[in-house]
Visitor: 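One structure is given below, represented as structure tokens, and several questions about it will come after.
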Amino acid sequence: SLAWDPGRKNVVLFGGSTGRVQISADTWVWNGRTWSEVTADPHPGPRVGASFTWDDERKNLVLVGGQSAGGPVTETWTFDGTGWTFAYSNLPPARNDGSIAWDPVRKVIVLFGGNSNAPLNDTWIWNGKDWRTVATIPSPTARSHASLTWDDVAKKLVLFGGVGKNNVLISDTALFDGKTWASIPGEQPSPRRDACVVWDEAQKELVLFGGQATGTLAGDTWTFHQDHWEKETP
């Protein structure tokens with residue numbers, strides 16, 4: 001799990017897999033030139049597929065869930081640049097590969113879905129002390145490996161793609177305003193999981209590239225404009 005720490009201008013890496021068997025529990029910080037390992041205890045246990053993002057209100061990174069050797073875990077940890085703290089809170093059910101993002105308007109972290117031996121479609125909000133579930137009707141279909149990114153023009157979180165039941169890839173897009181989800185009409189990128197989606201501050205738009213499509217890797221580029229996608233031909 002990899003996340004940007006804008007407070008300390010570092011990239012933080014936690015855990016992952018170095019093979020089919022070995023799962024790591026180490027923490028590394030990249031300052032733009034070198035990696036340095038953080039060895040302070042306590043720290044999260046070995047896992048892959050944990051959700052990891054920056055909390056701009058509390059100025060720390062938040063790590064949720066993941067897949068351990070024994071299965072999905074239900075833990076929340078915060079990282080302040082030097083050490084980890086376990087969050088004793090109302091925890092979401094165990095999951096790995098959930099979609100997570102910071103909402104700068106409501107100053108909360110939003111977690112959607114993931115996998116716990118089956119895809120999930122629940123929505124959770126972290127306020128820095130506790131998680132609370134948001135009962136949204138309708139809700140996006142259950143999925144993991146979806147992108148969740150803040151759109152600073154629409155002032156909403158944008159959920160795209162992922163993998164659902166029976167490993168079926170998904171191509172729909174849903175917007176979250178802090179209370180409800182709403183799907184969008186029009187042309188969408190083709191079904192895929194693990195697409196790279198980032199906010200382009202200069203152009204004021206989300207940019208999507210690639211991902212794992214059915215039987216192949218995608219290499220197309222799309223931009224999102226408040227409520228619709230446009231395919232680019234660079």
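If you're wondering where the values come from, they're calculated on a predicted model, not measured in any experiment. The first residue of the sequence shown is numbered 1, and numbering continues consecutively from there.
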Visitor: Return the CG to CZ distance between Leu148 and Phe112, rounded to the nearest 0.5 Å.
Guide: 9.0 Å
Visitor: Excluding sequence neighbours, so at least two apart, what forms side-chain contact (heavy atoms from CB on, under 4.5 Å) with Val153?
Guide: Asp151, Trp199, Lys204, Gln226
Visitor: Could you tell me if the side chain of Thr221 sits less than 4.5 Å from the side chain of Lys231, heavy atoms only?
Guide: no
Visitor: Just so I know, are the side chains of Phe176 and Pro140 near enough to count as touching, which here means a heavy-atom distance under 4.5 Å?
Guide: no
Visitor: Filter on side-chain hydrogen bond (donor to acceptor under 3.5 Å, both in side chains), then keep only pairs touching residues 135-144, sequence neighbours left out; what's left?
Guide: Thr141-Arg143, Arg143-Asp172
Visitor: How long is the span from the OG1 atom in Thr173 to the CD atom in Gln188, to the nearest 0.5 Å?
Guide: 3.5 Å
Visitor: Using modelled atom types only, decide if a donor and an acceptor are shared between the side chain of Arg193 and the backbone of Val168 within a distance under 3.5 Å.
Guide: no
Visitor: Less than 4.5 Å apart, any side-chain heavy atom of Leu13 and any of Ser1?
Guide: no
Visitor: So which pairs with a foot in residues 31-48 pass salt bridge (charged side-chain N to carboxylate O under 4.0 Å, His left out), sequence neighbours left out?
Guide: Arg47-Glu75
Visitor: Donor-acceptor pairs under 3.5 angstrom involving side-chain atoms of residues 83-94: please list them, not counting sequence neighbours.
Guide:
{"residue": "Trp84", "atom": "NE1", "partner": "Thr27", "partner atom": "OG1", "Å": "2.9"}
{"residue": "Asn90", "atom": "ND2", "partner": "Trp131", "partner atom": "O", "Å": "3.0"}

Visitor: Same cluster or not: Val134 versus Leu157, using hydrophobic residues (I, L, V, M, F, W, Y) connected whenever any side-chain heavy atoms lie under 4.5 Å apart?
Guide: yes
Visitor: Test of understanding: with side-chain contact (heavy atoms from CB on, under 4.5 Å), list the residues that count as partners of Glu230, not counting sequence neighbours.
Guide: Thr223, His225, His228, Glu232
Visitor: Shared ILVMFWY cluster between Leu159 and Val105, side chains joined below 4.5 angstrom?
Guide: yes
Visitor: Going by ring pair (Phe, Tyr, Trp, His ring centres under 6.0 Å), name the residues that satisfy it together with Trp4, two or more places apart in sequence or in a different chain.
Guide: none
Visitor: Side-chain heavy atoms under 4.5 angstrom apart, residues restricted to Ile, Leu, Val, Met, Phe, Trp, Tyr: same cluster for Phe160 and Leu175?
Guide: yes
Visitor: Are Val163 and Leu120 linked, directly or through intermediate hydrophobic residues, by side-chain heavy-atom contacts shorter than 4.5 Å (ILVMFWY only)?
Guide: no
Visitor: Look at the side chain of Ser24 and the backbone N and O of Asp26, then say whether any donor-acceptor pair between them is shorter than 3.5 Å.
Guide: no
Visitor: Just to verify, what does Pro138 make a side-chain contact (heavy atoms from CB on, under 4.5 Å) with, not counting sequence neighbours?
Guide: none
Visitor: Could you work out, with side chain to side chain donor-acceptor pair (under 3.5 Å) as the rule, every residue matching Thr82, not counting sequence neighbours?
Guide: Asp80
Visitor: Any side-chain to backbone donor/acceptor pair from Ser99 onto Ala146? Under 3.5 Å, distance only.
Guide: yes
Visitor: Kindly say whether Asp56 contributes a backbone atom to a donor-acceptor pair with the side chain of Arg58 at under 3.5 angstrom?
Guide: no
Visitor: Can you tell me how the ring of Trp30 sits relative to the ring of Trp35, calling it parallel under 30°, perpendicular over 60° and tilted otherwise?
Guide: tilted
Visitor: Side-chain heavy atoms under 4.5 angstrom apart, residues restricted to Ile, Leu, Val, Met, Phe, Trp, Tyr: same cluster for Val108 and Trp150?
Guide: yes
Visitor: Less than 4.5 Å apart, side chain to side chain, heavy atoms only: is that true for Ile170 and Pro191?
Guide: no
Visitor: Taking NZ in Lys165 as the centre, count heavy atoms belonging to other residues, nucleotides or ligands within less than 6.0 Å. Is the count above 12?
Guide: no
Visitor: Quick one: are Leu2 and Val11 in side-chain contact, heavy atoms under 4.5 Å?
Guide: yes
Visitor: Let me confirm one number: the CG-CG distance from Asp97 to Asp194, rounded to the nearest 0.5 Å.
Guide: 7.5 Å
Visitor: Once rounded to the nearest 0.5 Å, what's the spacing between atom OG1 of Thr180 and atom NZ of Lys156?
Guide: 7.5 Å
Visitor: Keeping to residues at least two apart or across chains, list the salt bridge (charged side-chain N to carboxylate O under 4.0 Å, His left out) pairs with something in residues 81-94.
Guide: none
Visitor: Through direct or indirect side-chain contacts below 4.5 angstrom among Ile, Leu, Val, Met, Phe, Trp and Tyr, which residues connect to Phe209?
Guide: none
Visitor: Evaluate the side chain to side chain contact (heavy atoms under 4.5 Å, CB included) criterion for residues Val198 and Thr149: first the C-alpha distance (whole Å), next the side-chain angles of each, then the deciding distance (0.1 Å), finally the verdict.
Guide: CA-CA 7 Å; Val198 297; Thr149 317; 5.8 Å; no
Visitor: For residues 115-126, which residue pairs pass the side-chain hydrogen bond (donor to acceptor under 3.5 Å, both in side chains) check, not counting sequence neighbours?
Guide: Arg95-Asp122, Asp122-Trp124, Thr123-Trp181
Visitor: Could you walk me through whether Phe14 and Trp28 satisfy the ring-ring contact (aromatic ring centres under 6.0 Å, His included) test, starting with their C-alpha distance in whole Å, then the side-chain angles of each, then the deciding distance to 0.1 Å, before giving a yes or no?
Guide: CA-CA 7 Å; Phe14 175 79; Trp28 291 81; over 10 Å; no
Visitor: Let me see the working for Trp229 and Ile184 under side chain to side chain contact (heavy atoms under 4.5 Å, CB included), right down to the final yes or no.
Guide: CA-CA 9 Å; Trp229 288 101; Ile184 66 166; 4.0 Å; yes
Visitor: Can you find a heavy atom in the side chain of Asp200 that is under 4.5 Å from one in the side chain of Phe224?
Guide: no
Visitor: From Asn127 CG over to Glu57 CD, what is the distance, rounded to the nearest 0.5 angstrom?
Guide: 10.5 Å
Visitor: As an exercise, state the distance from CG of Asp103 to CG of Asp55, rounded to the nearest 0.5 Å.
Guide: 11.0 Å
Visitor: Of all residues at least two apart in sequence or in a different chain, which pass the side-chain contact (heavy atoms from CB on, under 4.5 Å) check with Leu61?
Guide: Ala3, Asp5, Val12, Phe52, Trp54, Phe79
Visitor: Between Asn31 and Ser36, does a side chain to side chain contact (heavy atoms under 4.5 Å, CB included) hold up when you go through it step by step?
Guide: CA-CA 8 Å; Asn31 64 7; Ser36 58; over 6 Å; no
